[in-house]
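Everything on this sheet refers to the single structure shown next.
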Amino acid sequence: MEKVRTRFAPSPTGFMHIGNLRTCLYAYLYAKKNGGTFVLRIEDTDQERYVEGAVDVIYSTLKKAGIEHDEGPDKDGGYGPYIQSERKSLYLDYAKELVEKGGAYYCFCSKERLDTLKDDKGIAKYDKHCLSLSKEEVQKRLDAGESYVIRQNVPADGVSEYEDMVFGHISVPNEDMEDNILIKSDGMPTYNFANVVDDHLMGINYVIRGVEYLSSTPKYNLMYDAFGWERPHYMHLSPIMKDAQRKLSKRYGDANFEDFIEKGYLPKAIVNYIALLGWSPKGNEEKLTMEQLVEQFDVDGISKSPSIFDEAKMRWLNGEYIKAMSVDEFVEAAKPFLDNSKVKDKYDYRALAKLLIPRVEILGEIPEKVNFLEEFGEYDTAMFEHKKMKITKEIALNSLLAIEEDLKDFEEWTDELLKQKGMALAEKLGCKSGQIFLPFRLALTGAQTTPGGATEMAELLGKSESMRRLRFSIELLQK
RNA sequence: GGCUCCAUGGUCAAGCGGUUAAGACUCAGGCCUCUCACGCCUGCUACUCGGGUUCGAAUCCCGAUGGAGUCACCA
C-alpha cells in the first residue's frame, strides 16, 4: 500500500485562523494515524499580501499546537522547494506540456471581448473561442509576441465524477465548468494550477482541504487525467461557522489562534476543541490528548454539515485542562496574567494558584478574580447579616472580637491550622463554625464573594495584614 | 440565478431499517459548603416539512423548505 502523504498549505498572512488550523490538524491526524508523512508548504504567491515574519507565525503556531510537520521549508524531505515562490519557474513548462496533451490551450482573447460574454448578472463563461485556433495560427501569434493566457480545456459535455472521502459520490456536469486560466498573462500560474502541480510533484496522495473546493475538484481531476498522473484521494471539510449564517472569519475579529491564547486559552484545549468541531470520536470521552486524537481519528466521524463555533464549550474544556494542571504548571501558564493584575509581586503565586485552579476557566479571568485582594477598604457592613446562618451584625462583631483575641498570639498562619483554630473556637463559644468563618472572611476581604474561604484568605494575606484588616472591620462594625 | 453539497435539542454531536433517540456544553433546580468555585445528583429542550418504499423509517427514495459552498488573469 502506498504511503500516505498529506499537506497543509497556508498563505503567510501573519495569523493563523482557527478554521485553517483545524484543516491542518485533520491533515496531520490523518497522516499520523496512517503512519504517513505530513508536509508543510507555504503558498506565498500572493506577494501583495505578503507579511514580514508571517512564516514564523506559522511555525510557532504549529509548534504550540503540537503539530509537527515531517517536511517543510525547514525540513527537506526531497520534495522541495516547499515555498511556492521558489517554484515559480516550473509551472509554465507543465502548462505547455498540458497544451501538448490536449488538456489546455492558448487564449488570446482581450478583456473587452471577455466582457461581452457576461450575462446580466455579470457572470461569464468562456466560450472556448480560442480553442478552435489552429496550431499554426497559435504559433504565429505567439511569435508576434501577442499577450496570451493558457486555459484548461474542459470537455463540453458529459459529467465528471469522483469519490470524496467524507461526502461520497460527487458528480458535476462538465458544461458547468469553465475553461479556467492556468497561466496568467504575466506567465505566473493561478492558484488552481500551481496547486495541482505542487501536490503531484510533492507526492501528495491525500488532499485534505475546505469544502470550497468540493465542486471544483473535478476540474483538478481532469488535469491529473490529462497529464496522465494518478488522482489523489480527497477529503473535504465543512466550514466552521460563527453562527448559522456567517462563516467564522478574521473579519469578525477573534477567530485567530493567537487571539485565544491572549484571552488565556491553553493551546492543548484549543486543539482539542477544534478537533471535536466537525469530528466526533467513537467513545464518549471528549478531553483527548494529541496522541489519543491520532489514535482515534477516523474519517467516519467527520460530519458533512457546517458546525458553529461555541466558545462556551471551548471555555469549559479549557477549564478542564486547567483543573488537571499541577500548581507548578499553572503558575507557569498564569504568570503573565498574574503579573498583569494588582496582585503582581505581592502574594505567593503558588498559594494563589491553589485557589485559582478550580475557579478559573480561562487564564484571562485571573485579574478580576484576584484584584479584590488589593481593593480592601470601607465597605457596607450589611453583608454581615446572614439569615440562614443566623448571623446579625452583633453576632458577627462578637465573633470577630473573639477571633482577634484567639489569634493574637497565634503564629502558625496556615490555612489548615487556622481552620482547626476556628473550629475549636466555635466549639468553645458553642456556636456554628459558620458563625466564625463567615464573618472572618468578610472582615478580611470586605467582599461578598471570594475565591476561597476565610482561612485561605488569611493565609494569603499573612498574619499582620490579616490582623490589620480584622481590626479595621471591627471598628467599622462598631460605628 | 446555474451547479455542488448539507439538514437530530440553543450549540457540538451518537445513530447506518426495529433504541425508553446516546453523550457533552449551555440553562434550571438540588446536595455539599464559611461566600464563590470544584464535585455529585436531578431536570428542560431534538429527528425541518410533505409524499412514498417497508410489517416497521431519524435511518432508504422523491419533492418542498432552509442552510453552506462555488461560478476571477484571488488564494
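Scope of the values below: all heavy atoms of this structure, side chains included, with no hydrogens, waters or symmetry mates. Chain letters run A, B, ... following the sequence lines, proteins first, then strands; residues in each count from 1.
With sequence neighbours excluded, no residue forms a ring pair (Phe, Tyr, Trp, His ring centres under 6.0 Å) with A/H386. Every residue two or more places apart in sequence or in another chain was checked for a side chain to side chain donor-acceptor pair (under 3.5 Å) with A/N318, and none qualifies. By the side chain to side chain donor-acceptor pair (under 3.5 Å) test, A/D348 is found to be paired with no residue, residues two or more places apart in sequence or in another chain being considered. For A/F330, the ring pair (Phe, Tyr, Trp, His ring centres under 6.0 Å) test picks out no residue, with sequence neighbours left out.
Sequence neighbours left out, the pairs with a member in residues 154-183 of chain A that pass ring pair (Phe, Tyr, Trp, His ring centres under 6.0 Å) are A/Y162-A/Y234. Applying the side chain to side chain donor-acceptor pair (under 3.5 Å) rule to pairs touching residues 438-460 of chain A yields A/D415-A/T455, A/R441-A/T450, sequence neighbours excluded.
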What are the atom names and distances for every N/O pair under 3.5 Å that joins the protein to nucleotides 64-66 of chain B?
none

Check: protein-nucleotides 40-42 of chain B nitrogen or oxygen pairs below 3.5 Å:
none

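Contact check of residues 363-371 of chain A against RNA chain B (heavy atom, cut-off under 4.0 Å) returns no residues at all. For RNA chain B, the neighbouring residues in residues 442-452 of chain A, judged by any heavy atom under 4.0 Å, are A/Q448, A/T449, A/T450, A/P451, A/G452. Contacts between residues 151-172 of chain A and RNA chain B, defined by a heavy-atom separation under 4.0 Å, are made by A/F167, A/H169, A/I170, A/S171, A/V172.
Side-chain contact check for A/L201 versus A/L90: some heavy-atom pair is nearer than 4.5 Å.
Using a 4.0 Å cut-off between a side-chain N of Lys or Arg and a carboxylate O of Asp or Glu, A/E320 and A/K268 do not qualify as a salt bridge.
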>> I need a per-nucleotide contact map over nucleotides 25-30 of chain B, read 5' to 3'. Cutoff is protein heavy atoms under 4.0 Å; write B for the base, S for backbone only, - otherwise.
In response: S-----
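If you take atom P in B/G29 and the same atom in B/C38, they sit 15 Å apart, rounded to whole Å.
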